[in-house]
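Counting convention: from 1, in listed order, for ligands and their atoms alike.
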Amino acid sequence: MFQYQCLNPISKVGLDGFTNDYTKTEEIEKADAILVRSASMHEMKLPENIQAIARAGAGVNNIPLQDCAEQGIVVFNTPGANANGVKEMVIAGMLLASRDIVGGVEWVKQEKDNENVGKLAEKQKKQFAGCEIKGKKLGVIGLGAIGAMVANTAIYLGMEVYGYDPYISVDTAWKLSREIKHIANVEDIFKECDYITLHVPLLDSTKGMISKDSIAMMKDGVVLLNFSRDLLVDETALIDALETGKVKKYVTDFANPTVAGAKNTLVTPHLGASTAESEDNCACMAVKELRDYLENGNIHNSVNYPNCDMGICGVAGRIAINHKNVVNMISQFATVLGGAGMNISDMTNKSKGDYAYTLIDLETPATQEIIDKLDEIEGVLKVRIIK
Ligand SMILES: NC(=O)c1ccc[n+]([C@@H]2O[C@H](COP(=O)([O-])OP(=O)(O)OC[C@H]3O[C@@H](n4cnc5c(N)ncnc54)[C@H](O)[C@@H]3O)[C@@H](O)[C@H]2O)c1
Ligand SMILES: O=C(O)CC[C@@H](O)C(=O)O
């Protein structure tokens, strides 16, 4: 039996993926797993009983990944599961920034009691007029699940698309339209593009990537779209650029006091993934990942531990060991198991950065005594009997 806690509302369609072996709890001390969306976990103390955290979404900047890894807690996300929802918001954002559609709608509302509203509209509409996106240059920074979809869709809309991602995955590269121009230096995007959209994770290396200097390189009247995270942009510098018209519009999904009432901003309340489809997709993927980890020890889509798969646990015994990626671990595990007369029938060891994971199938079920001995080995962070 397993227990899980939800730190945010999680789609029922996803939670229905848990079998009767799972119950929901409000007490973190009882939970084996946590499901979370955007709730910040940085100040939370995570008890030893927590085995895994699944972020029903892409960005994991709300989770202390390193601390979790140190505690042997595997953190998952759901890559691509909400990408279409965000892509549609980005396309909407480009269109809303191109003509003053929001201003026009507000104007009509204000004139609702004016019986000459139709006639007046014909005179007033020029103040809300703008341009089309067809033929304009769009720079996409970050060509992962969302960036790739945005880039491909913009090609269909007749835009000239420049794509920049020095770490692009082979899978995503295969999915990109051949019409997208591969940009090797992000400054070329700043200098050339009429619209620039950000689709990178918030990391130390990407924080503030849109700075006073990068804004200075941009074309006058550029539109900047940010559906990734607010801290990617030096918003104080951006507000100055919006005041002067250097940046025509800032479309962002992240409301904060700096941008909420600022001139020429279109701010939405973190709506990118707020569609029934995205919420269901993310929750279904998150639940599947948690179940496979808790029931079989397999890891798929972890952001702090390596992927590892030994299939469904149909053997007599299986143990999972989360440990530091240091020398001589496997031989120590084998010594403990061999000393107890336990025969290893299969084993996988994988590593990711400073952390590693070992799954061991045994010909007999593991005992608590063995687990305690494995736990004593220096560098071992967590040991779990799967069966
Ligand atoms: N507004 C929302 O509701 C919403 C929803 C989903 C995701 N997001 C945000 O969007 C981000 C991207 O999501 P995704 O699903 O496309 O993630 P992803 O992991 O599929 O793609 C991110 C891409 O950024 C690239 N990248 C990393 N550093 C880079 C750099 N310095 N320059 C250029 N490219 C770089 C990576 O190589 C990767 O291809 C998430 O991290 C999250 O912060 C927001
Ligand atoms: O859960 C949400 O609503 C937002 C998710 C989004 O920011 C993400 O990074 O996936």
Before you tell me yes or no, could you show the steps for Glu277 and Asn84 under side-chain contact (heavy atoms from CB on, under 4.5 Å), namely the whole-Å CA-CA distance, both residues' side-chain angles and the distance that decides it to 0.1 Å? CA-CA 9 Å; Glu277 295 86 345; Asn84 191 65; over 6 Å; no
Looking only at distances, please establish whether an N/O atom of ligand 1 is found under 3.5 Å from an N/O atom of [X].
X      : value
Leu271 : no
Gly80  : no
Ile146 : yes
Ser228 : yes

Is there a heavy atom in Gly272 that sits closer than 4.0 Å to ligand 2?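 For ligand 2, residue contact (heavy atoms, under 4.0 Å) with Gly272 is absent.
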Among the heavy atoms of Arg55, does any lie under 4.0 Å from an atom of ligand 2?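 Yes; Arg55 lies near enough to ligand 2 that a heavy-atom distance drops under 4.0 Å.
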When you check the gap from the basic side-chain N to the acidic O, do [X] and [Y] get nearer than 4.0 Å?
X      : Y      : answer
Asp220 : Lys246 : yes
Lys324 : Glu378 : no
Asp194 : Lys219 : yes
Asp16  : Lys12  : yes

Out of all atoms in ligand 1, which are within 4.0 Å of some heavy atom of [X]? Include the element for each.
X      : value
Gly272 : 1 (N), 2 (C), 3 (O)
Pro201 : 22 (C), 24 (O), 27 (C), 41 (O)
Val86  : 4 (C), 5 (C), 6 (C)
Tyr164 : 32 (N), 33 (C)
Thr206 : 28 (N), 31 (N)
Asp253 : 1 (N), 2 (C), 3 (O)

Would Arg291 pass as a cation-pi partner of Tyr4, given that its NZ or CZ must be under 6.0 Å from the six-membered ring centre and within 45 degrees of the axis?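 Cation-pi check for Arg291 and Tyr4: fails.
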Which atoms of ligand 2 are found less than 4.0 Å from any heavy atom of Gly57?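 Contacts of ligand 2 toward Gly57, numbered from 1: 10 (O).
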Any idea which atoms of ligand 2 are less than 4.0 Å away from a heavy-atom of Ser38?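 Listed by number with element, the hits are 1 (O), 2 (C), 4 (C).
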Between Ser302 and Val75 (side chain of the first, backbone of the second, donor and acceptor by atom type, cut-off under 3.5 Å), is there such a pair?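 Yes: the side chain of Ser302 pairs with the backbone of Val75.
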Answer yes or no: is there a donor N or O on one side and an acceptor on the other, between the side chain of Lys112 and the main chain of Val108, under 3.5 Å?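 Judged by distance alone, no pair lies under 3.5 Å.
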Tell me: protein heavy atom nearest [atom], and distance?
atom                    : result
atom 21 (O) of ligand 1 : Gly144 CA, 3.2 Å
atom 6 (C) of ligand 1  : Asn82 OD1, 3.4 Å
atom 8 (N) of ligand 1  : Phe227 O, 3.7 Å
atom 12 (C) of ligand 1 : His199 O, 3.8 Å
atom 35 (C) of ligand 1 : Val200 CG1, 3.4 Å

Please evaluate residues Lys136 and Glu160 with respect to the criterion salt bridge (Lys or Arg N to Asp or Glu O under 4.0 Å), reporting the C-alpha separation (whole Å), side-chain torsions for both, the decisive distance (0.1 Å), and the verdict. CA-CA 6 Å; Lys136 303 296 183 298; Glu160 206 178 313; over 6 Å; no
Heavy atom to atom 38 (C) of ligand 1, shortest distance: which of Val303, Val90, Asp165 holds it?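 Result: the heavy atom closest to atom 38 (C) of ligand 1 is in Asp165.
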Only one of Ile189, Ile210, Val223 passes side-chain contact (heavy atoms from CB on, under 4.5 Å) with Met218; say which it is.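 So, applying the side-chain contact (heavy atoms from CB on, under 4.5 Å) to Met218 and each of Ile189, Ile210, Val223, only Ile210 qualifies.
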Per-residue contact class, Arg229 against ligand 1 - non-hydrogen pairs under 4.0 Å: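 Side chain only.
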Heavy-atom contacts under 4.0 Å between Met89 and ligand 1: side chain, backbone, both, or neither?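 It is neither; nothing of Met89 touches ligand 1.
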Pair Glu179-Tyr156, side-chain donor/acceptor within less than 3.5 Å: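 Short answer, no.
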Do you see a donor-acceptor pair shorter than 3.5 Å between the side chains of His42 and Asn62?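 Result is no, nothing qualifies.
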Intermediate values then yes/no, salt bridge (Lys or Arg N to Asp or Glu O under 4.0 Å), Glu122 and Lys125: CA-CA 6 Å; Glu122 292 309 321; Lys125 68 180 180 188; 2.8 Å; yes
Measure up the Trp107 and Phe128 rings against each other and bin them: parallel (under 30°), tilted (30 to 60°), perpendicular (over 60°).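 Plane angle between 30° and 60°, so tilted.
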Against ligand 1, does [X] come closer than 4.0 Å with any heavy atom?
X      : value
Leu143 : yes
Pro79  : no
Gly57  : no
Pro166 : yes

So with a 6.0 Å cut-off around CD of Gln368, is the heavy-atom count from everything else above 12?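 Yes, enclosed.
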Atom 19 (O) of ligand 1: protein heavy atom closer than 4.0 Å?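 It does not: no protein heavy atom is found less than 4.0 Å away from atom 19 (O) of ligand 1.
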What is the minimum heavy-atom distance between Gly57 and Asn82, and which atoms define it?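 Residues Gly57 and Asn82, closest heavy atoms: CA-ND2, 3.7 Å.
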